[in-house]
Visitor: 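Below are the structure tokens for one structure; questions will follow.
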Number of protein chains: 2
Amino acid sequence: MATSLAEENYLKIIYRLSENTDQGVSTNAVAELAQTKAASVTDMLQKLAEKGWVIYQKYQGVRLTPSGQKIALSIIRKHRLWEVFLVEKLGYNWDEVHEIAEQLEHIESESLIQKLDEFLGFPDRDPHGDPIPTRDGKMADQIYQPLSEIKEKMDCVLMGVAKDAAVFLQLLTKLDLNLGAKITILEINSFDRSLQIQVNSAAPIFVSHEVAKNILVKA
Amino acid sequence: MATSLAEENYLKIIYRLSENTDQGVSTNAVAELAQTKAASVTDMLQKLAEKGWVIYQKYQGVRLTPSGQKIALSIIRKHRLWEVFLVEKLGYNWDEVHEIAEQLEHIESESLIQKLDEFLGFPDRDPHGDPIPTRDGKMADQIYQPLSEIKEKMDCVLMGVAKDAAVFLQLLTKLDLNLGAKITILEINSFDRSLQIQVNSAAPIFVSHEVAKNILVKA
DNA sequence: ATAAATTTTTAGGTAAGACTAAAAAAATAT
DNA sequence: ATATTTTTTTAGTCTTACCTAAAAATTTAT
């Protein structure tokens with residue numbers, strides 16, 4: 001069945017909100033991410049339920065059916081492949097690609113995505129370290145852990161981010177915290193849980209707990 | 001001012017229909033290309049006129065204003081650059097790219113098109129030989145002439161096509177009539193104006209006047 | 001020049017996807 | 001346990017872009 005742009009965006013949002021919980025996703029949470037009003041969300045959830053892409057019961061939140069999940073994953077796959085293209089082939093920085101990929105993810109062509117995937121050398125992570133779902137709708141787990149959970153004195157490598165807001169990514173870039181950066185944790189301050197770290201053996205810097213939570217590393 | 005997808009398509013269609021004539025473009029002609037009804041076209045023309053993109057007077061047809069033309073050319077520029085990408089980088093054939101480019105042409109990002117243009121090596125023709133408008137909205141003339149206008153015994157090179165319907169392009173491909181093919185006109189049959197030609201020095205073949213009209217060559 | 005045919009426009013409606021305001025249900029606090 | 005607050009839903013509109021049917025203008029044919 002055909003999916004409209006609005007429907008695809010809702011499914012993607014519901015998917016994202018479902019990742020952390022096995023509860024139904026609340027109307028308000030969806031409204032916030034969709035940048036719309038709760039009343040509009042209710043409307044749309046009813047429509048998505050009719051089409052069989054979500055399970056929705058009044059006041060009980062919403063969850064994706066297998067077919068809804070499949071659609072969401074195909075949008076995410078397209079989004080992430082296009083991000084790889086934008087960074088690897090067109091030379092964008094990792095903080096610049098999100099908006100453009102939001103548009104490109106809705107282009108409809110099976111063959112296009114297959115050929116793009118091949119052109120990019122079948123990448124399995126996007127420029128933010130997020131796994132790219134496979135063609136048959138399987139997505140690898142996020143195997144990396146937040147920097148905030150690494151112990152003092154340990155070494156690790158920056159493999160991804162848990163948040164791709166441009167302001168956050170720009171901060172990381174400014175601190176030389178790029179994909180693949182070698183990080184040594186010198187000290188964790190118990191007061192505010194901020195970290196003193198060394199990036200690529202340069203002079204030590206401080207990062208807040210909030211930042212560390214959103215940096216994903218391989219120990 | 002922002003342009004919706006529908007508006008962009010109308011402007012593009014009006015541009016195309018204006019290319020051959022300096023008359024206003026008729027409502028019906030637009031309706032046919034837009035695959036919609038004349039009444040819907042009238043609605044839209046009034047809206048486009050309010051926005052200052054077309055000059056429209058009841059029963060008098062429509063023509064683009066400079067700002068409307070600028071929008072149309074930017075859509076055409078995007079369409080053709082994406083076609084180059086699809087053929088040159090992703091390995092599509094020239095008869096497969098039109099539909100996908102119809103979607104990609106509406107992606108909105110100045111920087112994306114600049115970077116794409118650069119990535120492709122600043123091409124000035126698309127895979128069908130059509131000129132790509134420049135960033136500031138200038139489009140080179142179609143400098144090639146139809147094969148149907150070349151004299152007997154002359155040699156020429158296939159530089160483009162005047163029609164990009166898939167069935168036509170597939171026929172050309174089957175006849176080995178690809179971009180750059182060397183064509184020698186052996187004979188023009190006065191009865192039906194069909195041509196006997198030789199392609200890349202292979203065995204002679206016949207093509208109809210209709211086909212010859214839509215093949216663009218450099219003498 | 002008038003009649004017939006065609007094209008174009010107007011009028012009135014529909015569906016998608018958003019909105020506001022008000023009502024209803026659920027969650028939280030006293 | 002009841003009152004208050006918050007969340008969610010319903011009801012009623014709006015805009016965009018399309019539709020059909022009928023009216024009006026234009027073009028073509030006689």
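Chain letters run A, B, ... following the sequence lines, proteins first and then strands; every chain starts at 1. Predicted model, so just to flag it, every value in this text is computed and none were measured.
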Visitor: Which residue pairs satisfy the salt bridge (Lys or Arg N to Asp or Glu O under 4.0 Å) criterion with at least one member in residues 48-75 of chain B, sequence neighbours excluded?
Guide: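 Sorted result for residues 48-75 of chain B: B:E7-B:K51.
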Visitor: Could you name each residue pair satisfying salt bridge (Lys or Arg N to Asp or Glu O under 4.0 Å) that touches residues 18-44 of chain A, not counting sequence neighbours?
Guide: none
Visitor: Summarise protein proximity over nucleotides 9-14 of chain D in one line of letters, 5' to 3': B for base, S for sugar-phosphate only, - for none, counting protein heavy atoms closer than 4.0 Å.
Guide: BB----
Visitor: Is any side-chain N or O of A:N28 closer than 4.0 Å to OP1 or OP2 of D:dT6?
Guide: no
Visitor: Roughly, in whole Å, what's the span from CG in A:N9 to P in C:dA16?
Guide: 17 Å
Visitor: For B:L5 and C:dA16, give me the distance from atom CG to atom C1', rounded to whole Å.
Guide: 15 Å
Visitor: Taking the six-membered ring of B:Y92 (Phe, Tyr or Trp), confirm whether the NZ or CZ of A:K115 is under 6.0 Å from its centre and within 45° of its axis.
Guide: yes
Visitor: If the condition is ring pair (Phe, Tyr, Trp, His ring centres under 6.0 Å), which residues does A:H106 pass it with, not counting sequence neighbours?
Guide: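 A:H106 satisfies ring pair (Phe, Tyr, Trp, His ring centres under 6.0 Å) with no residue once adjacent residues are dropped.
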Visitor: State which residues pass ring pair (Phe, Tyr, Trp, His ring centres under 6.0 Å) with B:Y10; sequence neighbours excluded, sorted by chain then number.
Guide: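 Here no residue qualifies.
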Visitor: So, OP1 or OP2 of C:dC19: does either fall under 4.0 Å of a side-chain N or O from A:T36?
Guide: yes
Visitor: In whole angstrom, what separates B:M44's CE from C:dT10's C1'?
Guide: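 Checked: the CE to C1' distance equals 18 Å.
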Visitor: Please set out all donor-acceptor pairs under 3.5 angstrom arising from side-chain atoms of residues 125-141 of chain B, sequence neighbours excluded.
Guide:
unit_1: B:R125; atom_1: NH1; unit_2: B:G129; atom_2: O; d: 2.9
unit_1: B:R125; atom_1: NH1; unit_2: B:Q142; atom_2: OE1; d: 3.1
unit_1: B:D126; atom_1: OD1; unit_2: B:H128; atom_2: N; d: 2.6
unit_1: B:D126; atom_1: OD1; unit_2: B:G129; atom_2: N; d: 3.1
unit_1: B:D126; atom_1: OD1; unit_2: B:D130; atom_2: N; d: 3.1
unit_1: B:H128; atom_1: ND1; unit_2: B:E83; atom_2: OE1; d: 3.2
unit_1: B:H128; atom_1: NE2; unit_2: B:W94; atom_2: O; d: 2.8
unit_1: B:T134; atom_1: OG1; unit_2: B:D136; atom_2: OD1; d: 2.8
unit_1: B:T134; atom_1: OG1; unit_2: B:K138; atom_2: N; d: 3.0
unit_1: B:T134; atom_1: OG1; unit_2: B:K138; atom_2: O; d: 3.2

Visitor: Whole angstrom is fine here: how far is it from NZ in B:K37 over to C1' in C:dT14?
Guide: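 That distance rounds to 15 Å.
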